Undergrad: 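Please find one structure pasted underneath; my questions will follow.
A, B, ... follow the sequence lines: proteins, then strands. Residue 1 opens every chain. Just so you know, these numbers come straight off a predicted model, no measurement behind them.
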Amino acid sequence: MSCRAASLHALMLFWRWRAPPFPLPEAGAYWLARRFRVLPFVGQLANPKNPMKQMTPLEELRHSASHILATAILRLYPEAKLDIGPPTDAGFYYDIDLDHKLSLEDLEKIEAEMKKIVKENQRFERQEVSRDEAIELIKKIGQERYKLGRLEDIPEGEEISFYRNGEFIDLCAGTHVKYTSKVKAFKLLNIAGAYHRGDEKNKQLQRIYGTAFPNKEELATYLKNLEEAKQRDHRKLGREQKLFHIDEAVGQGLVLWTPKGSIIRQELQNFISEELRQQGYDQVFTPHIGKLGLYRTSGHFPYYKESQFTPIVENDELEHLAHEGCSCAQLSNMVDKGEVDGFLLKPMNCPMHIKIFDSQRHSYRDLPIRLAEFGTVYRWEQSGELNGMTRVRGFTQDDAHIFCTEDQLASEIHGCLDLVKKVFGTLGMNDYRVRLSLRDPDSTKYVGRPEAWDKAEAALREAVQVLGVPYNEEPGEAAFYGPKIDFVVKDVIGREWQLGTVQVDYNLPERFELSYIGADNQEHRPVMVHRAPFGSLERFTGVLIEHFAGNFPVWLSPEQVRILPITDDQLEFAQEVQKKLQAAKIRVSIDSHSDKFGAKVRRAEMEKVPYMFVIGKNEAAEGNVTIRSRVNKAHDGAKPADEAIGLILEQIAEKALPVLEEKA
RNA sequence: GCCCUUGUAGCUCAGUCGGUAGAGCACUUCCUUGGUAAGGAAGAGGUCGGCGGUUCAAAUCCGCUCGAGGGCUCCA
């Protein structure tokens, strides 16, 4: 497939700019759904190393509901091939292989059939069999396509059991409720594609999600909570409060920070900058693109290629190659092999910071050197993965790289962890978990020597133990160049997002042959620490919007005070007060609409302005304002304007967290 | 990228059986100057995501495509 200059060029342009201008999308209503985490014991089937655990009553209930689901499916679609149907932390699912594409209408039918089965009050019966009997039984019920594989997962010597209810029988470790009638409150929620055994190379099955509770009330509460959670979705609040905008014409996953959102971002940056100054970091700036060679040295280009935007090759080079009859495939190959040079939109900041470090000779006396940058990086995320501000293609990290000696490593890691803790604590984000992300020894996606990895992993493990917070070790979660400690939080619908991160890296210093001169006058290799307490400003802000449900603390609020004159007669005094507030560097506006007072209050409430200064006839006469806040809705008496301003300044200086009314 | 769902005004939505579009909020103007979550009136605003097809006629039916939502996979 060879192409001429024009089409080759067009193709390269196409690769570079994949965002044609299309009209703005409409945010469709999203279906009740959430990411379910499969409970550990389910691994009994998938992962024979896990010991069998007794299910809790709720798990039994949901597991039984999934069997009832499978029973109903086989009644309606006898040709369906079943895979697995475990309970999860929020419900259950069953994966089935069925040519008929299930629709939401089908779900209703299936649910109706399930209700019948519940009414039939079938008994769940356990049956233990030998391996040969199991094979025979699976063949007899015509479910050999997936169940035989699942059977093979059960190690020799372990008990093999089936569960039967009515006409349905399924390879299953259990346990179950006694009768189908125990499953009183359940609901099928949605259909999704799911690869068999979670492997992209395998066939995609149809997964039906549902949930079940001991009674109708709990189910109703769950569904209601799900609805309410959607009210604080950062995409909804971001639009309503004009915090950010994503425009098709600009490109998928590329965030436009609107003026109000920019204030939040700027405040967050100021906050972190101040901390960095105190902790001895140096601020740097680096460009958005760099030569491919740089990223070959770092390993990004080979190891991280799928996640990057296509390299940028210069026009002259392209035309020259096209004249020589170079095909697109050849070009791509040459770029890969380094025979053609180009530039890469940077996927990470580290190589640039490394080059700053390496631009000078360093003595051990200089170390640690801490280079910090709000660095914007670009990554080619799969379209199906993009999500508001939390998963995007261009984002700014509050990044820094520390170059230190082996001896300094522990205290540097501790410094970073403290910083992350401080950031989270200041914002009242206490609901996070700590993940020690290690390499998967069986994978080839990592650079560097195993010994370097071992050292780095040990250093982080020790640090996180000293930190004294609960954590879990997760192999396979490491960055390609090193292990990390991640701070992970959940969004409103239960999805987990990695925010702050601290990573130890022995590999990049080696790849870039970094060195410093030690006390012995010999060259030594420094160790690198990568860290970002927010992770990315986009993701962090998205999570923050949901965390506060749009009710930002005063120091972060785009508008901190709104002055509400009761009538136009107070406008003059309102402007005086506004000037005072502005002089105190408080973000303030006056609502001078010709609305009734109640409407002004309503508008400010809906826009979640933390403080309203009410100015009526009485206040104006005495130089007072009456404060209406989120806690104290009204009637706290009038105060002199200066005193009121003092109160606000105090809140800002303290970075006080919002105190809201008790929520139902 | 894959599976399901979805796309009508800035926002939230209605639009019956195909007969060239409606509401509320927001916006503009005018009236109204009011004490803690919506005062009144008028006006402006959309070739129904895009392209193609079926039809005398398409927002409505079909195909392709782009975007969005949920899930899977991935996630440095």
Undergrad: Rounding to an integer number of angstrom, what distance separates G71(B) and A9(B) when you compare their C1' atoms?
TA: 32 Å
Undergrad: Toward the 5' end of RNA chain B, which comes first, E240(A) or D199(A), by nearest nucleotide?
TA: E240(A)
Undergrad: May I ask you to verify if any side-chain N or O of Q382(A) is less than 4.0 angstrom from the OP1 or OP2 atom of C2(B)?
TA: no
Undergrad: Is there a donor-acceptor contact under 3.5 Å linking the side chains of R433(A) and N472(A)?
TA: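 There is such a pair between these side chains.
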Undergrad: What does nucleotides 26-34 of chain B look like as a protein-contact string, B for base, S for sugar-phosphate only, - for none, at under 4.0 angstrom between heavy atoms?
TA: -----BBBB
Undergrad: Looking at R393(A), R539(A), R391(A), which hits salt bridge (charged side-chain N to carboxylate O under 4.0 Å, His left out) with E381(A)?
TA: R391(A)
Undergrad: Listed in order of residue number, which residues of residues 614-625 of chain A have a non-hydrogen atom at under 4.0 Å from RNA chain B?
TA: V614(A), G616(A), K617(A), N618(A), E619(A)
Undergrad: Which listed nucleotide (C72(B), G35(B), A37(B)) is nearest to the side chain of T626(A)?
TA: G35(B)
Undergrad: Could you tell me which nucleotide pairs with C72(B) by Watson-Crick or G-U wobble geometry, both distances under 3.5 Å, or answer none if nothing does?
TA: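 For C72(B), the partner nucleotide comes out as G1(B), under the 3.5 Å rule.
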Undergrad: Can you tell me the base-pairing partner of G63(B)? Count Watson-Crick or G-U wobble geometry only, both distances below 3.5 Å, and say none if there is no partner.
TA: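 The answer is C51(B), by the H-bond criterion.
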Undergrad: Does any nucleotide pair with A42(B) by Watson-Crick or G-U wobble geometry, both distances under 3.5 Å, and what is it?
TA: U28(B)
Undergrad: Centroid separation under 6.0 Å, is that true for the rings of Y93(A) and Y209(A)?
TA: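 Centroid distance Y209(A)-Y93(A): below 6.0 Å, so yes.
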Undergrad: Please determine whether a side-chain nitrogen or oxygen atom of Q252(A) lies at a distance below 4.0 Å from atom OP1 or OP2 of G67(B).
TA: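 Result: yes.
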Undergrad: On a whole-Å scale, what distance lies between the P atoms belonging to G10(B) and G50(B)?
TA: 13 Å
Undergrad: Provide, to the nearest angstrom, the distance between the NZ atom belonging to K608(A) and the C1' atom belonging to A37(B).
TA: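 Computing the K608(A):NZ to A37(B):C1' distance gives 12 Å.
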Undergrad: Taking CZ from R393(A) and P from C74(B), how many angstroms apart are they, rounded to a whole number?
TA: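 Distance check: R393(A) CZ to C74(B) P gives 18 Å.
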Undergrad: Is it the case that H530(A) and N349(A) place a side-chain donor and acceptor less than 3.5 Å from each other?
TA: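 No, no side-chain donor-acceptor pair sits under 3.5 Å.
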Undergrad: Rounded to whole angstrom units, what separation is found between the CD atom of E306(A) and the P atom of C75(B)?
TA: 10 Å
Undergrad: How close do F573(A) and N624(A) get, counting heavy atoms only, and between which atoms?
TA: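 In terms of heavy atoms, the two residues are closest at CE2-O, 3.3 Å.
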Undergrad: Can you measure I246(A) atom CD1 to C11(B) atom P for me and round it to whole angstrom units?
TA: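 Rounding to the nearest Å, CD1 of I246(A) and P of C11(B) are 14 Å apart.
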Undergrad: Inspect the contact between R628(A) and E605(A) and indicate whether a charged nitrogen and a carboxylate oxygen are less than 4.0 angstrom apart.
TA: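 R628(A) and E605(A): salt-bridged.
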Undergrad: Going by the angle between their ring planes, with limits at 30° and 60°, are Y378(A) and H288(A) parallel, tilted or perpendicular?
TA: tilted
Undergrad: Do E619(A) and T626(A) have a side chain donor and acceptor closer than 3.5 Å?
TA: yes
Undergrad: Is there a Watson-Crick or G-U wobble partner for A23(B) with both distances under 3.5 Å, and which nucleotide is it?
TA: U12(B)
Undergrad: Separation of E474(A) atom CD from C75(B) atom P, in whole Å?
TA: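 Distance check: E474(A) CD to C75(B) P gives 13 Å.
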Undergrad: Return yes if the base of G1(B) and the side-chain atoms of Y195(A) contain a donor-acceptor N/O pair under 3.5 Å, otherwise no.
TA: yes
Undergrad: Under 4.0 Å between a side-chain N/O of R539(A) and OP1 or OP2 of C75(B), yes or no?
TA: no
Undergrad: Contact class for A192(A) vs. all strands (heavy atom < 4.0 Å): base, sugar-phosphate, or nothing?
TA: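 Touches a base.
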Undergrad: Over all strands shown, is A478(A) touching base, sugar-phosphate only, or nothing at heavy-atom distances under 4.0 angstrom?
TA: sugar-phosphate
Undergrad: In this structure, are over 12 heavy atoms from other groups packed under 6.0 Å from D99(A) atom CG?
TA: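 No, because the 6.0 Å sphere around CG of D99(A) holds 12 heavy atoms or fewer from other groups.
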Undergrad: Give one of base, sugar-phosphate or nothing for M606(A), where a contact means two heavy atoms less than 4.0 Å apart.
TA: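 Touches a base.
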Undergrad: Do you know which of W453(A), Y303(A), F480(A) makes ring pair (Phe, Tyr, Trp, His ring centres under 6.0 Å) with Y446(A)?
TA: W453(A)
Undergrad: Say whether D83(A) and H196(A), considering side chains only, have a donor N or O and an acceptor N or O under 3.5 Å apart.
TA: yes
Undergrad: Nearest heavy atom decides the nucleotide; on that basis, is G198(A) or L102(A) closer to the 5' end of RNA chain B?
TA: L102(A)
Undergrad: Could you check how far OH of Y209(A) sits from C1' of U5(B), rounded to whole Å?
TA: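 In whole Å, U5(B) C1' and Y209(A) OH are 15 Å from each other.
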Undergrad: Using atom P of each nucleotide, how far apart are G18(B) and A23(B) to the nearest Å?
TA: 24 Å
Undergrad: Now, which nucleotide makes the Watson-Crick or G-U wobble pair with C17(B), with each of the two distances under 3.5 Å?
TA: none
Undergrad: Could you tell me the separation between the CZ atom of R207(A) and the C1' atom of C2(B), rounded to a whole number of Å?
TA: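 In whole Å, C2(B) C1' lies 13 Å from R207(A) CZ.
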Undergrad: For G70(B), take OP1 and OP2 only and decide whether either is under 4.0 Å from a side-chain N or O of R235(A).
TA: yes
Undergrad: Is any N or O donor-acceptor pair between the side chain of R391(A) and the base of C75(B) shorter than 3.5 Å?
TA: yes
Undergrad: Evaluate the side chain to side chain donor-acceptor pair (under 3.5 Å) criterion for residues H593(A) and D595(A): first the C-alpha distance (whole Å), next the side-chain angles of each, then the deciding distance (0.1 Å), finally the verdict.
TA: CA-CA 5 Å; H593(A) 283 77; D595(A) 282 314; 5.0 Å; no
Undergrad: For Y93(A) and G70(B), what is the distance between atoms OH and C1' respectively, to the nearest whole Å?
TA: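 Roughly 16 Å, once rounded to whole Å.
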Undergrad: With a cut-off of less than 4.0 Å, is there a side-chain N or O of N387(A) near OP1 or OP2 of G70(B)?
TA: yes
Undergrad: With a cut-off of less than 4.0 Å, is there a side-chain N or O of R379(A) near OP1 or OP2 of C74(B)?
TA: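 Checking C74(B) against R379(A), no side-chain N or O comes under 4.0 Å of OP1 or OP2.
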